[in-house]
Amino acid sequence: MASKAQSRRVSSLADLKELYAEQIATPEFQASFGDPIPLSIVEPGEEPGEHDMPNPFAAQAECGGIIAAIFDLFAGTRLEPLAPEIAWGFVNSFHFVATKLERREDSLASEIGDMVRRPDMSEVFSSQLEEKQLLCRSTTEQRDAIECMRDYAAEMYRAQSGWPWSPARGSRASSASTASVIAAQDVLRERALAEREKHVPQGPIVVFSGPAQWHDWEMLWRKLDEVHARVPHMTLVTTGQRKGADAIAAAWAARADARVPVVAYGLYGTGKKTAFTRNRKLAELKPVEAVLCEGSGLQANLYQTLRKAGVPIHAFRKVDQAPDTQLPLPRPAARGFGRRSQADQLSAAA
């Protein structure tokens, strides 16, 4: 039986673009773009209005196409090594705007909280509170949309480069109350819940740590696959290095068939005891397992700390690695997001 895509008649380039968009649309874009609030405030100080959101299918197609086009343009040329750097900057642009919106959201939530704590039963107060509430909801909606595009662009970056994208910094009723006050309190509760779920991943903790120099990714991926099979809802906590063993683990967690949340627990603060304090706090997370690679004395201390806490440890020595001639990390299939592959898929669908 012919599929919907195969049976549909295509008469123009616009039809092809729409057909392709429908084939790749995801629930995340539908949730962020497909059901906008009835009224929104685009810019602070403006009047509420009925403003459309971008089409979710088009938003996803164009967002992925931007990243894929960079790699397609540079492929096979002397600029090819620079493609990841350029693409990283595009993803970071989404992240920068999302962070700015989050700060605005925080400020609005604080102002709403102050108003709720000092309620005024006047109509002016209710009107101001409702407007502030709508502005906060509108900002939340904008942030959700930008974060959705950032996350999809980051996934495209991973698919094209083979490495997960990461930012340079950072890792989200009284009986006398009027209806407006109750609604404002709901906004604060909803936002607090969303932030808690976003920044505190659920599931058993698996600690991973290794040195900045480590080449045998296959042995680590095999072990992480084994651990994931036993602990399917795991959260991977690494020691936060952006190269070597920690980066290999982060790349494993970002695979489409893994989708494991990663917490980068780097070194924060100064002083001789900072690293040892970090190791102790990793043990206090009560991990169910740990994967450790031989490195410096800090790695040895982490091994001893976790072992003392009774954590099952899978340890790898440097000499256990295969010779440094193995293939680089696999680059996941780009699923036809590049310009040439898009054309191929569209021709086949037509």
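The structure presented is a predicted model; accordingly, all values stated were derived computationally and were not measured.
Residues meeting the side-chain contact (heavy atoms from CB on, under 4.5 Å) test with Ile37, sequence neighbours left out: Ser40, Leu134, Arg137, Ser138, Glu141. With sequence neighbours excluded, no residue forms a side chain to side chain donor-acceptor pair (under 3.5 Å) with Thr77. For Glu131, the salt bridge (charged side-chain N to carboxylate O under 4.0 Å, His left out) test picks out no residue, with sequence neighbours left out. Considering only residues two or more places apart in sequence or on other chains, Arg317 meets the salt bridge (charged side-chain N to carboxylate O under 4.0 Å, His left out) condition with Asp320. Residues meeting the side-chain contact (heavy atoms from CB on, under 4.5 Å) test with Lys281, sequence neighbours left out: Tyr265, Thr277, Glu284. Applying the salt bridge (charged side-chain N to carboxylate O under 4.0 Å, His left out) test to Glu43 and every residue at least two apart in sequence or in another chain returns nothing.
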Handout entry: Worked verdict on Phe29 versus Tyr152 for ring pair (Phe, Tyr, Trp, His ring centres under 6.0 Å)
Key = CA-CA 9 Å; Phe29 273 81; Tyr152 189 68; 5.4 Å; yes

Exercise for the section: Check the pair Phe276, Leu302 against side-chain contact (heavy atoms from CB on, under 4.5 Å), reporting the backbone distance first and the verdict last. Expected result: CA-CA 8 Å; Phe276 299 102; Leu302 179 58; over 6 Å; no

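In the displayed structure, Gln213 atom CD is contacted under 6.0 Å by at most 12 heavy atoms of other residues, nucleotides or ligands. Within 6.0 Å of atom CZ in Arg104, more than 12 heavy atoms from other residues, nucleotides or ligands are found, so the atom counts as buried in its surroundings. The number of heavy atoms from other shown groups lying within 6.0 Å of CZ (Phe90) does not exceed 12.
Across Cys293 and Phe208, no two heavy atoms sit closer than the pair SG-CZ, 4.2 Å. The shortest heavy-atom contact between Asp216 and Gln321 is N-OE1, 3.1 Å.
To the nearest 0.5 Å, atoms CG (Asp35) and CD (Gln30) are separated by 10.0 Å.
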